[in-house]
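Scroll down for the structure; my scribbles are underneath it.
This structure is a prediction, so every number in the text was calculated from the model and none was measured. When reading the values below, keep in mind they use all heavy atoms of this one structure, side chains included, and skip hydrogens, waters and symmetry mates.
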Amino acid sequence: MNPRCRWTPLLLFGLGLVAAAFLASPAGAWLLHPVTPVARDVRALFYKAVAITAFFFILAEGILLVAVLRFRARPGVPPAKWHENVRLELVWTAIPALAMVILSGPAFTTEKYMETIPKSDVQIEVVGHQWFWEYRYPQYGVIFANEPLVIPVGKTVAANVTSIDVVHSWFVPDFGIKMDANPGRINHVWFNVERTGTYQGQCAELCGVLHAQMFITVNVVTPEEFDRWIEQKKKGV
Ligand code: CUA
């Protein structure tokens, strides 16, 4: 059997394993079910980056395999003795640089999309504390803490994110949102969740001993349910 053929299934199996492990991990799971336009955009950008890097990975590994298999030491064949090839080095520096430039276009577009807050239906304030989240709905006069955030489905929510003490980070993977909560500074994010449900997140900035328990739960409900909920909250229930 040709030795080149023998390694191909093993290589493909290894690549498959790496991909499966990534998708099964929390860091990869959001790729499977983004629920906001921002998360979808971030996912598309991620796939573009993966496509470019996968192309170069396969190209580079392919050249490496060919070099290893075809030009390995053989008895009686003197090895080639040369090093440094300015033209080759220029080419393999210029191509990745070009790939970065190509990817920067979509990256800046996505960043601008995330950072441009559209006209919002609901405004909230997210305040990090050691070690819980406080949520405020200034337009309704509702403030509470240590409870799930509740928002209406299909509505644009603009959130001002800040902290009362140290740096936290409000991270809800399915929303494509991960924003630092800095004391003395207000950061802005927006999201429009397309499906009702309960979404989990967690503080993503080491903020002290209970950092690992600073969970985030967001209940996305129908607008009617949201109205009922906000009425109850206004009464202090
Ligand atoms: Cu708050 Cu980590």
Can I get a per-line list of side-chain donor-acceptor pairs under 3.5 Å for residues 106-114, giving both atom names and the distance, sequence neighbours left out?
| from | atom 1 | to | atom 2 | distance (Å) |
| --- | --- | --- | --- | --- |
| T109 | OG1 | G105 | O | 2.9 |
| T110 | OG1 | D41 | OD2 | 3.4 |
| T110 | OG1 | P106 | O | 3.0 |

Test ring pair (Phe, Tyr, Trp, His ring centres under 6.0 Å) applied to Y199 - qualifying residues, sequence neighbours left out: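 Scan of Y199 (ring pair (Phe, Tyr, Trp, His ring centres under 6.0 Å), adjacent residues dropped) gives F175.
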Pairwise distance OH(Y140) to CG(D227) - rounded to 0.5 angstrom: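 Spacing of OH (Y140) from CG (D227) equals 6.5 Å.
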Would you give the length of the straight line joining atom CG of L98 to atom OG1 of T93, rounded to the nearest 0.5 angstrom?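 Those atoms lie 12.5 Å apart.
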Transitive ILVMFWY side-chain link W229 to W133, under 4.5 Å: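 Result: yes, single cluster for both.
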Ignoring hydrogens and angles, state whether a donor on the side chain of Q200 or T217 is under 3.5 Å from an acceptor on the partner side chain.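 Side-chain D/A pair, Q200 to T217: present.
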For E231, which residues count as a salt bridge (Lys or Arg N to Asp or Glu O under 4.0 Å) partner, sequence neighbours excluded?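 For E231 the salt bridge (Lys or Arg N to Asp or Glu O under 4.0 Å) partners, ignoring immediate neighbours, are K234.
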For E205, enumerate each residue passing the salt bridge (Lys or Arg N to Asp or Glu O under 4.0 Å) test, keeping only those at least two apart in sequence or located in another chain.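 With sequence neighbours excluded, E205 shows a salt bridge (Lys or Arg N to Asp or Glu O under 4.0 Å) to no residue whatsoever.
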Ignoring hydrogens and angles, tell me if any N or O in the side chain of N187 forms a donor-acceptor pair with the backbone of D180 under 3.5 Å.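 Checked: pair present.
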Checking Q139 side chain against Q123 main chain: does a donor-acceptor pair fall under 3.5 Å?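 Between the backbone of Q123 and the side chain of Q139 there is a qualifying donor-acceptor contact (under 3.5 Å).
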If you look only at distance, which donor and acceptor atoms sit under 3.5 Å apart when one is on a side chain in residues 75-87 and the other is two or more places apart or in another chain?
| from | atom 1 | to | atom 2 | distance (Å) |
| --- | --- | --- | --- | --- |
| N85 | OD1 | R87 | N | 3.3 |
| N85 | OD1 | L88 | N | 3.2 |

What pairs of donor and acceptor atoms, side-chain ones from residues 148-162 against any protein atom, are under 3.5 angstrom apart with sequence neighbours left out?
| from | atom 1 | to | atom 2 | distance (Å) |
| --- | --- | --- | --- | --- |
| T156 | OG1 | N192 | ND2 | 3.1 |
| N160 | OD1 | H188 | ND1 | 2.8 |
| T162 | OG1 | N182 | O | 3.1 |
| T162 | OG1 | R185 | O | 2.8 |

Could you check whether K233 makes a cation-pi contact with Y137, meaning its NZ or CZ is under 6.0 Å from the centre of the six-membered ring and within 45° of the ring axis?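 Judged by the rule, K233 and Y137 form no cation-pi pair.
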